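A note on names: the letters A, B, ... follow the listed sequences, proteins ahead of strands, and every chain is numbered from 1. None of the values given here were measured: they were computed from a predicted structure.
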Amino acid sequence: MEFLGLDLPSYSWQTVLGSAISGVFLGSIYALVALGLTLIYGVLHIINFAHGALLMLAMYAVFFLWKLLGLDPYLAMLIVVPGAYIFGYGLQRGVIGKASHGRDEIILLVTLGVSIVIENAALFFFSASERSVLVPYDLDGIDLGVTYAVYPELIALGGSLLITFALWLFMSLTDTGKAIRAVAKERQGARLVGINVDHIFAVTFGIGTACVAAAASLLVPTYAVHPQIGYLFVLIAFTVVVLGGMGSFIGALVGGFLIGVTEQLGRLYLGESMGVITISVIFILVLLFRPTGLFGQRSG
Amino acid sequence: MLDVRAMSKSFGGLKAVSEASLTVSEGNIVSLIGPNGAGKTTLFALISGFLKPDSGAVTFNDAGITGQRPHQICHQGLVRTFQVVQPFAGLTVRENIAVGAHTRIAGRAAALAAAGEIAQLVGMGTQLDQSAGALTIAGRKRLELARALATGPRLLLLDEVMAGLNATEIADLVTVVRKIRDSGVTIFLIEHVMQAVMSLSDYTYVLNHGAMIAEGQPSQVTKDPNVIEAYLGHGAAKRLLEMEAGADA
Amino acid sequence: MTKRERILGWAFIVCVLALAPLFITSNRWIDFLELTLFVAVLGQGWNVLGGYGGQYSFGHAVFFGTGAYIQALLQYKLGWSPWLTLWFAISGTTAVAAMIGYLSFRYGLRGSYFALITLAFAEAFHVVSRSWSSFTEGGQGVQLTLNQDPALALATFQFSFGGPFMKAYGFYYTILAILMISYAATWWMEHSRFGAQLVAVRENEDAAEALGVNAFLVKMRAICLSAAITASGGVYYVQKFLFVEPGIAYGTAKSVEALFAPIIGGLGTVLGPLIGSFFIHGVGEIAKEAIHGVFGDRPGVDLILFGIILVLILAFAPRGLVGILERVWIRLKARGDA
Ligand SMILES: Nc1ncnc2c1ncn2[C@@H]1O[C@H](COP(=O)(O)OP(=O)(O)OP(=O)(O)O)[C@@H](O)[C@H]1O
Ligand SMILES: [Mg+2]
């Protein structure tokens with residue numbers, strides 16, 4: 001098969017479809033990681049560079065809950081999600097907010113500093129070696145004809161959709177959700193009508209971190225934990241957020257699926273190593289030519 | 001020297017400026033007045049290249065400058081100041097003014113020296129080494145003026161440089177503006193302080209809801225029924241309220 | 001600080017750095033100094049764009065790596081002299097910077113967006129250098145041949161078989177020379193119209209434009225100078241280690257090192273990256289020693305500390321160590337005068 005002068009291998013439609021479907025599963029995880037990122041961007045107008053490090057930290061938490069207490073990774077969600085909320089709230093209120101003097105570009109540097117500390121602390125305490133959770137069901141699944149889907153993949157897909165929907169409901173229906181949206185839209189105005197903006201920032205950061213902890217629970221059954229894992233995921237999550245439009249939930253979801261499918265098809269046609277570059281290329285092109293993304297409102 | 005023809009600009013559904021035309025001739029002080037939200041600042045932004053007009057044209061010194069970038073327009077001798085002051089907060093007053101001076105002076109030392117002279121002219125001579133971020137509102141307004149003046153303009157667009165100043169400060173600044181005009185710089189200013197408008201301007205334009213509703217000598221314009229209506233209508237009431245709110249705060 | 005004090009200060013620093021080898025005989029300390037100066041050069045590269053221009057790049061490795069790869073590949077593939085390739089390394093990297101700058105600044109990307117796009121370019125170059133094996137030798141990297149002929153030490157820009165002095169101090173003085181040139185260039189920039197306009201753009205881009213500053217052009221010049229300085233660090237690296245591979249060239253480590261030194265030392269000051277580099281490496285050495293006794297050799301300690309110091313500096317001393325030193329100096333002088 002020829003495409004843009006490149007000689008690509010030909011595959012049966014079953015193979016391509018199978019690949020695309022596994023891309024959807026992968027994409028649902030990307031979407032979930034991106035969800036917290038895009039929420040924080042929408043409100044604080046900065047990219048949280050510590051997002052990947054927080055994902056990695058949550059994955060370690062899930063791992064150790066399993067290792068030490070025998071807790072199933074999915075059940076661990078009940079502990080790590082609230083824990084992550086508190087951690088994220090405290091991080092924004094106690095560190096990021098304090099250190100940045102309210103200047104957006106400094107927040108960026110502070111989150112970078114935080115991510116470096118967390119990543120290297122993980123390296124220091126847990127070493128670079130990979131750790132995997134062994135669950136009895138990790139290879140069971142359903143035969144979809146063109147591909148075989150294991151339960152962890154199916155649960156991740158369902159979980160991502162559910163969490164995105166729940167977050168959307170929360171933002172539309174609750175008072176806190178409305179306050180968050182008010183701050184996102186008009187910081188100064190929200191302050192004038194008596195909203196505690198610092199509190200809302202921290203709540204948003206907490207929810208973003210909770211999302212990434214949920215993603216961690218869904219990831220651990222299929223991915224080994226190591227200090228760099230967060231960085232790998234967050235690079236892709238950046239792409240998803242930029243593609244979907246910074247601040248947009250639906251954008252995160254659609255962007256996640258698009259990137260997941262593109263990555264799998266890129267792997268299929270271009271090979272493992274070159275497949276990865278399709279993501280970088282998408283990232284750069286979107287940033288340059290449509291920085292507001294597919295569903296975004298505002299640009300930087 | 002400046003000729004604006006049928007300028008229009010909309011933000012979403014809102015027509016901020018519609019079909020506005022005006023002329024500023026060399027050596028004059030011309031003013032632009034109108035109620036809050038009339039579109040005055042928007043018109044300045046259109047002239048100075050910060051906004052692209054939907055339609056209309058700007059001619060400056062017989063050359064079309066529509067669609068040019070602000071820095072290009074500045075190099076031709078047309079500079080604006082900002083109603084919402086935009087100091088380089090981390091720099092000193094001298095360094096702030098020197099940025100303007102660099103438009104015509106390449107050397108650093110010479111630009112810094114020129115900045116000192118300009119500061120003297122606008123009455124900031126004693127504040128040269130202060131951080132711009134630490135200035136009072138009156139100081140920041142003066143700094144806006146000084147920086148713009150340092151670029152060596154032929155035409156200066158001043159957006160409410162007297163707002164928020166007390167009576168002595170206004171009187172001071174009126175003298176400064178006259179001095180600048182006498183040194184050969186044409187001035188086009190937006191002002192709400194009527195005392196300043198009346199005493200300074202040779203000619204006045206009135207904008208309301210984006211459209212030019214009157215023009216002429218300041219004393220005549222203020223008698224124009226259209227203008228009185230524009231002011232005593234919604235705009236005037238709002239303005240009074242705002243002034244009260246400002247006094248309370 | 002007065003101008004006179006500044007000049008004397010610089011003269012003192014240059015003398016100390018130039019004469020240091022006379023007093024230091026331990027290889028370990030020379031290596032420490034060399035590494036510190038190397039990071040101080042990368043830091044100044046970042047500082048020109050980030051500190052003076054306010055454009056925070058999170059992927060400065062793209063310039064280090066490109067400089068290093070050009071320097072290595074032209075020697076490896078074409079057998080050119082390193083003294084010739086270094087000009088191509090620097091100008092080639094500057095061209096890459098001009099491309100990245102053109103794309104980013106043309107579309108008005110700033111803040112988070114600029115940080116992301118630089119990171120994305122570094123990643124893209126990383127993947128390409130790993131995958132395009134026929135051109136870059138892929139993941140195994142480019143290994144240059146070691147010159148063992150003492151007579152050719154200078155000609156090959158390889159000092160390990162040179163005379164005893166060259167062997168011990170050749171690369172120390174190489175990086176010191178690069179440092180002095182790049183710091184002089186930065187000093188010149190700070191005291192020129194270009195520098196004043198760059199700082200104006202950082203402080204308020206709209207106001208700068210209104211005053212006749214072509215913000216796009218100014219940022220372009222800054223990213224090019226920044227890249228040229230960073231690339232010269234890459235040239236040094238390749239000549240010293242005769243090796244480059246994708247992770248070293250384009251990995252996040254260099255991007256991060258490049259921004260630690262100037263932020264901690266003092267953004268937008270000539271001295272900042274040097275002071276910052278000395279501070280973090282000094283602290284890093286001490287911490288490694290201390291940890292060694294308790295935990296043995298473990299990776300990550302120094303970066304944990306650097307990260308914490310970075311956040312603390314941002315929180316409590318936004319003008320960095322230079323700001324602190326300046327305040328101390330003024331207080332000391334006041335006491336001296338009294
Ligand atoms: N960038 C923008 N986007 C959307 N609407 C805008 C924008 N700038 C101005 N407007 C709107 O255009 C109208 C004109 O605003 P403008 O600032 O030009 O008024 P003005 O005459 O300068 O008022 P004032 O006397 O209060 O300074 C206002 O309704 C304002 O809300
Ligand atoms: Mg206005």
Side-chain angles (χ1 to χ4, degrees), chain B residues 44-45 47-51 68-92 94-112 115 131-133 140 143-153 156-157 159, chain C residues 1-3 6-7 47 50-54 105-108 185-222 263 266-270 272 314 317-320 322-323 326-327 330:
Chain B
F44 266 26
I47 296 172
S48 54
F50 277 87
L51 290 174
Q68 290 189 9
R69 309 267 315 128
H71 66 88
Q72 293 169 319
I73 293 175
C74 170
H75 277 276
Q76 293 167 52
L78 194 168
V79 193
R80 75 173 290 195
T81 66
F82 293 91
Q83 176 179 3
V84 180
V85 289
Q86 313 272 354
F88 304 123
L91 308 186
T92 64
R94 187 195 289 277
E95 287 165 341
N96 264 267
I97 304 175
V99 173
H102 272 308
T103 300
R104 58 195 165 89
I105 304 169
R108 187 76 185 130
L112 287 168
S131 160
R140 288 170 191 226
L143 184 58
E144 280 285 326
L145 177 61
R147 279 191 324 197
L149 194 58
T151 63
L156 204 48
L157 306 190
D159 196 347
Chain C
M1 252 188 248
T2 64
K3 191 163 179 181
R6 256 170 233 248
I7 291 174
N47 190 36
Y52 288 94
F105 300 142
R106 184 89 290 185
Y107 293 101
T186 311
W187 194 89
W188 161 82
M189 180 190 83
E190 187 180 297
H191 293 86
S192 73
R193 164 154 78 178
F194 162 45
Q197 293 184 331
L198 182 61
V199 170
V201 168
R202 172 191 77 197
E203 293 287 316
N204 190 326
E205 191 165 333
D206 276 347
E209 280 271 338
L211 296 173
V213 177
N214 184 346
F216 172 74
L217 192 69
V218 165
K219 286 191 274 188
M220 283 298 284
R221 290 170 72 180
I263 298 175
L267 281 173
T269 62
V270 183
L314 288 171
R319 292 185 51 232
V322 168
E326 230 165 54
R327 246 179 299 164
I330 288 171

Student: With a 4.5 angstrom heavy-atom cut-off, is it the side chain or the backbone of C/Q197 that approaches chain B, or both, or neither?
Tutor: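 C/Q197 touches chain B through side-chain heavy atoms alone.
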Student: Which atoms of B/T103 come close to chain C, meaning under 4.5 Å heavy atom to heavy atom: side chain ones, backbone ones, both, or neither?
Tutor: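 Both backbone and side chain.
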Student: Where the side chain of C/R193 meets the backbone of B/H102, is there a donor-acceptor pair that is under 3.5 Å apart?
Tutor: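 Present.
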Student: Non-hydrogen atoms of chain C under 4.5 Å away: do they reach the side chain of B/L112, the backbone, both or neither?
Tutor: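 Neither part, no heavy atoms under 4.5 Å.
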Student: Measure the spacing between CZ of B/R147 and CG of C/L211 and express it to the nearest 0.5 Å.
Tutor: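 One gets 5.0 Å once the value is rounded to the nearest 0.5 Å.
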Student: Does any heavy atom of chain C fall under 4.5 Å from the side chain of B/P153, the backbone, both, or neither of them?
Tutor: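 When you check distances to chain C, no heavy atom of B/P153 falls under 4.5 Å.
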Student: Highest number of heavy-atom pairs under 4.5 Å with chain B: which of C/H191, C/E209, C/E203?
Tutor: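 Ranked by heavy-atom pairs under 4.5 Å with chain B, first place is C/E209.
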Student: About how many Å separate CG of C/N214 and NE2 of B/H75, when rounded to the nearest 0.5 Å?
Tutor: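 Going from NE2 on B/H75 over to CG on C/N214, the span is 7.5 Å.
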Student: Top residue by heavy-atom pair count (under 4.5 Å) with chain B, among C/A210, C/G195, C/A196, C/S192?
Tutor: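 Greatest number of close heavy-atom pairs with chain B: C/A210.
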Student: For B/F88, which atoms come within 4.5 Å of any heavy atom of chain C: side chain, backbone, both, or neither?
Tutor: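 For B/F88, heavy atoms of backbone and side chain both lie under 4.5 Å from chain C.
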Student: Please identify, among B/A106, B/A98, B/G90, B/G100, the residue contributing the most non-hydrogen atom pairs under 4.5 Å to chain C.
Tutor: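 Winner by heavy-atom pair count: B/A106.
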Student: What part of B/A111 lies closer than 4.5 angstrom to a heavy atom of chain C: side chain, backbone, both or neither?
Tutor: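 Neither part, no heavy atoms under 4.5 Å.
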